[in-house]
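What's counted below: heavy atoms across the whole structure, side chains too, no hydrogens, waters or symmetry copies. In what follows, chains are A, B, ... by sequence order, proteins preceding strands, each numbered from 1.
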Amino acid sequence: MNLVRAEILKIRTTSTWWVFGIIMLPLWALAVLYNWGTANISGGVDPAESGLSADQAEQLRVANEAVNVATTLYTSGQFLGVLLVMLLGAIIVTNEFFHLTATTTFLVSPVRERVITAKLIAAILLGLVFWAVTTILNLIVVPFVLHALDYSAQLGDPAVWRAIGLNALAFALWAIVGVGAGVLIRSQLGATLTLSIAYVIGTFGASLVFYLLTQYVADWFSKLQVLVPTTASTLMISGTELPGNPPRWVGAVVLIGYAVVTGFLGTLIVRRRDIS
Amino acid sequence: MIAGHPGTGSEEIVVAGLTKQYGKLRAVDDLSFTVRPGRVTGFLGPNGAGKTTTLRMLLGLVTPTAGRAGFGSRRYVELDQPLRHVGAVLEASSAHRGRTGANHLRVICRAAGVPVSRAAEVLDLVGLTPAANRKFKGYSLGMRQRLGIAAAMVGDPRVLILDEPANGLDPEGIRWMRDLLKMLAAEGRTILVSSHLLSEMQLMADDVVIVAAGRLIRQGPVDDVLGAMAGGAQVRVRTPQPAELTTALTAAGAGVTELPDGALSVTGADPAKVGHTAFAAGVELHELLGERADLEQVFLQLTAGKAEIR
Ligand SMILES: Nc1ncnc2c1ncn2[C@@H]1O[C@H](COP(=O)(O)OP(=O)(O)O)[C@@H](O)[C@H]1O
Ligand SMILES: [Mg+2]
């Protein structure tokens, strides 16, 4: 517990967290606008007359249901929010090597897995702060957006609250992935660049690869797309089961899998490594 | 004494058969020594001798290839509250550039379970209070060393370990540190200070552990180590007839070498004997000086031939 408090104090006594917080705000606003725009366009399309295949028409119809429009909007900011949280998680670790404080840290607590555990907890708490802030902003702004789209606020629907809750889980899990990745890639710049590029390019690249595999190799490849971590976290926060997609819990399981593997691997490596 | 200290003996630093292999390089090679409480012990050796590696193994940061190092019978990781028992200032220890000195110490207090008010006390101890709320990146090398010492003193430890603490300190700072360490040793603490420079160690250390190329060269009280080198004590003599004097002294059983400035360095004879031998041989002397071997010379002799860069 002392170690967790120390890690939180470390975060508070540097500027990184609020710099990221300030970056988060415009990104969040952008996400709301993007989700609003998307809902506006697809809401204007009549699935029956758009010349889409039956499957696609069905997907579109479900996506246009009020509850799904609402869950998407109420979780606005997730895509880039979890990226920032993951980066913060990584920086919490790489800072120790970049600023040569690892020596002091491990002298205070020579049982190294305790340090990593404390960092994981601190990163999760930080992730939840980011989640809370975006969620509060969404709860304030989104009812107006829904009104403009001719929907009601939807806040009576438990599916919306479940999506918001699972969104918290996503922020926490991405924080864990960040800490694990920070241990694996010790360099500050290396970790930040690798994670950002892998997150953004990896997401679109993987979508493309899975699209091609599904089109030209076999249909069942589309079911594996949930293995892409960003797809998994998007899936978690959908309002209803989306046709042609695995159930929500699969997304959660996949993301927990990534968090456990990176967290575990990170701890194992830190235990053995010489600090010099 | 702080409650909860491990039992007796844990104030003694024990290194036994310690070895660290880095690829082909044996950075530390079967090293054994002990460090006693109540004294300042200098851990001496040229650059690359393996001092830092030894200290990092002692502190559980680097895993030994063989052997063990610890406090009494306990390794560092086995100490309950390590910071309350051992304080360390290592070469590469640092702070986050954007964090103030006071906050750096508060983080350590938090992690060690020490009241955060202790930060102000140790800042005062090292004379850093005026810079407490400045960011670390603005600190001079000397201020960084002081902050390191402050961090090591957070838990009021019985054992203090410093790796090359004189680096970056001005003469005034070195003198300050010397007095501080002597005072802490006088309180019964165990103080181990590494250095590759002997001048300041000579004024400060009660004991020395000398290493070169990862191996122990000699350990003991400074006076004993110097005494053991008594055979190495030299007499400096200058004469217009060096050849005659060399012959006479060699016949008398002394060793003679010519110094670069043309004077002779005589071993195995005191000034009186050199003077008498010269007089008996009818050799004229211009200079006759007994030189007590100092630690620097002993050190250079002991570690000579051990490559500095490995
Ligand atoms: N992590 C490392 N990997 C490889 N070689 C190392 C490592 N750390 C130290 N060494 C080597 O071990 C030797 C001893 O280094 P060190 O303990 O730092 O000596 P000292 O502190 O006495 O100057 C040096 O030759 C150094 O290059
Ligand atoms: Mg060194």
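Counting heavy-atom pairs closer than 4.5 Å to chain A, the top residue among G113(B), A111(B), A151(B) is A111(B). With chain B as the partner, the residue from T16(A), N95(A), V4(A) showing the most heavy-atom pairs under 4.5 Å is N95(A). Taking chain A as the reference chain and counting heavy-atom pairs below 4.5 Å, the highest number among T53(B), V154(B), L83(B), V86(B) is found for L83(B).
By the 4.5 Å heavy-atom criterion applied to side chains, L107(A) and Y76(B) are counted as neighbours. Side-chain atoms of T13(A) and T100(B), non-hydrogen and from C-beta on, never get closer than 4.5 Å to each other.
How far OH of Y22(B) is from CG of D274(A): 5.0 Å, rounded to the nearest 0.5 Å. Here K10(A) contributes atom NZ and R99(B) contributes atom CZ; the two are 6.5 Å apart, rounded to the nearest 0.5 Å. Distance check: H99(A) NE2 to H104(B) NE2 gives 12.0 Å after rounding to the nearest 0.5 Å.
Neither the backbone nor the side chain of S109(A) comes within less than 4.5 Å of any heavy atom in chain B. Looking at A112(B), the atoms closer than 4.5 Å to chain A (heavy atoms on both sides) sit in the backbone and in the side chain alike. With a 4.5 Å cut-off on non-hydrogen atoms, R272(A) touches chain B through its backbone but not through its side chain. For chain A, the nearby part of K20(B) is the side chain; its heavy atoms alone come within less than 4.5 Å.
Atom CZ of R39(B) has more than 12 heavy atoms from other residues, nucleotides or ligands within 6.0 Å. Within 6.0 Å of atom CH2 in W176(B), more than 12 heavy atoms from other residues, nucleotides or ligands are found, so the atom counts as buried in its surroundings. Enclosure of atom CZ in R273(A) by more than 12 non-hydrogen atoms of other residues, nucleotides or ligands within 6.0 angstrom is indicated. Within 6.0 Å of CZ in R68(B) there are more than 12 heavy atoms belonging to other residues, nucleotides or ligands.
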Open item on the list: With side chain to side chain contact (heavy atoms under 4.5 Å, CB included) as the criterion, how do R56(B) and T103(A) come out once you've worked through the C-alpha distance, each side chain's angles and the decisive distance to 0.1 Å?
Closed with: CA-CA 9 Å; R56(B) 286 190 172 267; T103(A) 294; 3.2 Å; yes

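Residue T14(A) is tested with H96(B), K135(B), R97(B) for a side-chain contact (heavy atoms from CB on, under 4.5 Å); the sole match is H96(B).
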